[in-house]
Amino acid sequence: MSFIICSRKKSMPKVSTAICKKCNRVKNCPDYNLFKEPLLFPDLEKDERHMKKKIRQENSQPSPSTEKQLTMSFPDISS
């Protein structure tokens, strides 16, 4: 019988795989997925600190209320 360390619970208990299968979160559980499909090269496992964080891009264009209307003046060409 194999056991998985459950990182979802604060005390991180060892839980049997039979109980893990009955859990509601089994589809989204990273611990169970790692047990079910082990890493091919565990030395190359990415740490969370090495992963790039998404940078939230704010709207670079100013809103219409902050825009200032410029007037255009053309030279008078009268012949």
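What you see below is based on every heavy atom in this structure, not just the backbone, and it leaves out hydrogens, waters and symmetry mates.
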ILVMFWY cluster membership beyond Tyr32 - transitive side-chain contacts under 4.5 angstrom: Ile4, Val26, Phe35
Listed partners of Ser7 passing side-chain hydrogen bond (donor to acceptor under 3.5 Å, both in side chains), at least two apart: Asp31
Members sharing Phe74's hydrophobic cluster (side chains within less than 4.5 Å): Met72
Scan the side chains in residues 8-24 for donor-acceptor partners under 3.5 Å anywhere in the protein, sequence neighbours excluded, and list what turns up.
from, atom 1, to, atom 2, distance (Å)
Arg8, NH2, Asn28, O, 3.3
Ser16, OG, Ile19, N, 3.4

Residues which pass side-chain contact (heavy atoms from CB on, under 4.5 Å) with Asn33, listed by chain and number, not counting sequence neighbours: none
